[in-house]
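Here is the structure we will look at.
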Amino acid sequence: MTNERAVGVAAGALAVIAVLSVLSVRCSSREATRGAPDVGARVRTELAAGADELKEQRAEAAEQEIRRRRLLARKLLRDGKKAEARKVMNSIPPLEEQVRAWRGEQQEQGKDGE
């Protein structure tokens with residue numbers, strides 16, 4: 001019987017420790033979040049930052065494509081293919097507009113957020 005009693009006491013002690021740990025964690029988490037912004041606001045902020053980063057990456061990719069097309073147009077001109085070079089150069093302005101739009105939206109959001 002002494003072994004069963006010792007196991008019972010140990011189990012009871014572990015249960016008490018577990019309850020005290022849970023209470024301690026709950027109290028400390030409440031104190032830590034006091035005065036902190038709510039989770040929803042933090043998530044919205046992170047989503048907005050992610051969207052801005054995505055727009056910046058798209059703008060950088062479009063700028064790289066613009067540079068690639070300009071180099072291609074120069075090569076085509078050197079090779080005497082003026083019509084093809086003109087087509088390539090004419091495809092650049094829409095990309096430049098996209099870059100301005102993506103960067104313009106970011107700048108406007110930056111002004112609104114400040």
Side-chain angles (χ1 to χ4, degrees):
M1 288 286 228
T2 59
N3 284 339
E4 290 175 3
R5 190 174 213 179
V7 170
V9 170
L14 287 175
V16 169
I17 292 172
V19 168
L20 290 176
S21 297
V22 167
L23 289 174
S24 174
V25 168
R26 281 190 177 179
C27 291
S28 65
S29 68
R30 284 186 187 147
E31 289 175 10
T33 59
R34 229 179 249 146
D38 65 342
V39 174
R42 190 172 62 214
V43 168
R44 285 188 295 275
T45 302
E46 290 295 322
L47 286 174
D52 288 345
E53 179 64 27
L54 181 61
K55 288 177 188 175
E56 180 61 28
Q57 288 176 356
R58 286 180 177 169
E60 288 175 6
E63 286 176 337
Q64 187 175 10
E65 180 63 20
I66 290 169
R67 287 190 296 273
R68 190 190 68 75
R69 289 183 187 188
R70 285 184 177 145
L71 289 172
L72 176 61
R74 285 187 203 131
K75 181 183 179 295
L76 290 170
L77 284 174
R78 277 194 308 260
D79 294 344
K81 300 177 181 178
K82 292 180 183 179
E84 290 179 40
R86 192 175 312 117
K87 286 179 185 177
V88 171
M89 288 303 290
N90 288 338
S91 69
I92 292 175
L95 286 174
E96 291 174 331
E97 287 180 32
Q98 283 182 337
V99 170
R100 281 194 294 272
W102 285 323
R103 294 254 164 87
E105 288 177 15
Q106 287 178 332
Q107 290 173 357
E108 287 176 15
Q109 288 177 358
K111 290 178 184 177
D112 293 342
E114 291 179 2

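Hydrogens, waters and symmetry mates play no part in the numbers below; they use all other heavy atoms, side chains included. Sequence positions, counted from 1, serve as the residue numbers for this chain.
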Connected to Ile66, directly or through other members, by ILVMFWY side-chain contacts below 4.5 Å are Met89, Ile92, Leu95, Val99
Closest non-hydrogen contact found for Ala73 with Ala85 is O-CB, 3.7 Å
| request: Applying salt bridge (charged side-chain N to carboxylate O under 4.0 Å, His left out), run through Glu96 and Arg69 and close with a yes or a no. | output: CA-CA 12 Å; Glu96 291 174 331; Arg69 289 183 187 188; over 6 Å; no
Apart from Val88 itself, members of its ILVMFWY cluster (side-chain separation under 4.5 Å) are Leu72, Leu76
- request: Look at Arg74 together with Glu84 and state whether they make a salt bridge at an N to O cut-off of under 4.0 Å.
  value: no
So CD of Glu56 and CZ of Arg58: to nearest 0.5 Å the spacing works out to 12.5 Å
When rounded to the nearest 0.5 Å, the distance separating CH2 of Trp102 from CG of Leu54 is 9.0 Å
Per salt bridge (charged side-chain N to carboxylate O under 4.0 Å, His left out), Asp79 is matched among Lys82, Lys81, Lys75 by Lys75
Rounded to the nearest 0.5 Å, the CZ atom of Arg86 sits from the OG atom of Ser91 at a distance of 13.0 Å
Taken to the nearest 0.5 Å, the spacing of Glu60 CD from Arg103 CZ works out to 6.0 Å
